[in-house]
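Every value quoted in this text rests on a predicted model; they were computed, and no experiment measured them. Residue numbering restarts at 1 for every chain, and letters A, B, ... go by the order of the sequence lines.
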Amino acid sequence: MPELPEVETVCRRLRPFVSGKTITAVDVLDAKIIRGHEPDIWTQQLLGETIQDVERRGKFILFKLTNGYLVSHLRMEGKFYPHGETVSPVKHTHVVFTFSDGSTLHYNDVRKFGTMELKTNEALYVTPPLSLLALEPFDPNVTAEALHERMKRMNVRAIKTALLDQSIFVGLGNIYVDETLFRAGIHPTRPAATLSLEEVEAVRQEAVAVLTEAIERGGSTIRSYTNPDGAAGTFQETLYVYGQTGEPCRNCGRPIEKMKLGGRGTHYCPHCQT
DNA sequence: AGCACTGTTTACAT
DNA sequence: TATGTAAACAGTGC
């Protein structure tokens, strides 16, 4: 489900809902979601904590607590649903937070890939997973020069695979990486080390543009993603290649093709991307 | 019915 | 070390 634009959309919706609220109960219905602590220990540490703010780092959601952070990753299908009152859990509800004002926050996840973990302030950025991330894509220190140097040292790695690696570039997933490479005119199988500085800059610029536009449109709803209000995003309406197999390329009119690369479905125009 | 596919990450093998 | 593959899980579509 979520790449950076979807996670940002979720954070923007959750921030006004949970900020300032104190946790009075936590129900763990499936312990698989909880990482780092035993579920009862994890629950005990959360009771009485007040959520100060909701932040985002890459595709991670950070609930800033009175003491430390609750770090959550939605992986493929995780969803947070805010409710004004107590609501019965449904089939794939795995964690329920109750606040002192009676409102609740449900975590639902059909595939149970998502995670939640408590971190101290000291450990947050210097331990995995956040310690493994590259800078935020909008950080001015993310330059074509730095990316180019990094890619030149790669042996055979395809540019698409490199861009999906969150330790190299943050925020792209399978939808937005295909869109980025189409817009930049770069073939997904090109070895990353063969890109010129100018091509790397084109990729960087298009990645930022795609992510920015997708945030403005509330993300992409392809299969199951919705925001915490249950609403769909609209960026899927503007996709050029992802899910457009067989459709005419908007530049040259020839059919968009799909191949398998690094285990991921990969959409591209064989004529416009070189 | 059975298999391939799905927006992510990481553990493990090579 | 770097890269590729399988696995975590459930649902959907062919």
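Annotation: dA4(B) and dT5(C) have their P atoms spaced 16 Å apart (nearest Å). When the C1' atom is compared between dT6(B) and dT3(C), the two are found 23 Å apart, to the nearest whole Å. Nucleotides dC9(C) and dA11(B) are separated by 15 Å at their P atoms, to the nearest Å.
Sequence neighbours left out, the pairs with a member in residues 10-66 of chain A that pass ring pair (Phe, Tyr, Trp, His ring centres under 6.0 Å) are Phe60(A)-His73(A), Phe63(A)-Phe80(A). Residue pairs satisfying the salt bridge (charged side-chain N to carboxylate O under 4.0 Å, His left out) criterion with at least one member in residues 132-147 of chain A, sequence neighbours excluded, are listed as follows: Arg56(A)-Glu136(A), Arg57(A)-Glu136(A). The ring pair (Phe, Tyr, Trp, His ring centres under 6.0 Å) pairs that include a residue from residues 132-180 of chain A are Tyr176(A)-Phe235(A), where partners are two or more places apart or lie in different chains.
His94(A) and Asp109(A) form no side-chain donor-acceptor contact under 3.5 Å, judged by distance and modelled atom types alone. Inspection of the Lys160(A) and Asn174(A) side chains reveals an N or O donor paired with an N or O acceptor under 3.5 Å.
In terms of phosphate contacts, His73(A) brings no side-chain nitrogen or oxygen within less than 4.0 Å of OP1 or OP2 of dT8(B). Between His92(A) and the phosphate of dC9(C), there is no side-chain N or O to OP1/OP2 separation shorter than 4.0 Å. Contact annotation: Lys32(A) side-chain N/O to dA8(C) OP1/OP2 distance is not under 4.0 Å. Contact annotation: Lys260(A) side-chain N/O to dT6(B) OP1/OP2 distance is under 4.0 Å. In this structure, Lys91(A) does not reach the dA10(C) phosphate: none of its side-chain N or O atoms is under 4.0 Å from OP1 or OP2.
Legend: residues meeting ring pair (Phe, Tyr, Trp, His ring centres under 6.0 Å) with His106(A), ordered by chain and number and at least two apart, are His83(A).
When the nearest nucleotides of DNA chain B are assigned to Arg111(A) and Gln166(A) by heavy-atom distance, the more 5′-ward of the two goes with Arg111(A).
Taking atom NZ of Lys79(A) as the reference point, atom P of dA10(C) lies 15 Å away to the nearest angstrom. Counting to the nearest Å, the C1' atom of dG4(C) and the CZ atom of Arg264(A) are 14 Å from each other. The CG-C1' distance, from Asp165(A) to dT9(B), rounds to 11 Å in whole Å. The CG atom of Leu133(A) sits 11 Å away from the C1' atom of dT9(B) (whole-angstrom rounding). Regarding Ile168(A), its CD1 atom lies at a distance of 15 Å from the P atom of dT8(B), rounded to whole Å. The distance between atom NZ of Lys112(A) and atom P of dT9(B), rounded to the nearest whole Å, is 21 Å. As a whole-Å value, the separation of Phe60(A) CZ from dT8(B) P is 12 Å. Rounded to whole Å, atom P of dT8(B) lies 10 Å from atom CG of Leu172(A).
Formation of a donor-acceptor pair under 3.5 Å by the Thr50(A) side chain with backbone atoms of Thr66(A) is not found in this model.
The nucleotide whose nearest atom lies closest to any side-chain atom of Arg75(A) is, among dT8(B), dA10(C), dG4(C), dT8(B). If you check dT3(C), dT9(B), dC5(B) against the side chain of Lys258(A), the one that comes closest is dC5(B).
With pairs defined as Watson-Crick or G-U wobble and both atom distances under 3.5 Å, the stems of at least three pairs that touch DNA chain B come out as B:2-6 with C:10-14, B:8-14 with C:2-8.
Within the 4.0 angstrom heavy-atom criterion, no nucleotide atom of any strand lies near Gly263(A). Among the protein residues, Tyr176(A) comes within range of no part of the nucleic acid, since none of its heavy atoms lies under 4.0 Å from any strand. Heavy atoms of Gly265(A) sit under 4.0 angstrom from primed sugar atoms or phosphate atoms, though from no base atom.
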Side-chain polar contacts of residues 244-264 of chain A - donor-acceptor pairs under 3.5 angstrom, sequence neighbours left out - could you list them?
residue: Gln244(A); atom: NE2; partner: Tyr242(A); partner atom: O; Å: 3.0
residue: Arg254(A); atom: NH2; partner: His271(A); partner atom: NE2; Å: 3.1
residue: Glu257(A); atom: OE1; partner: Tyr268(A); partner atom: OH; Å: 3.4

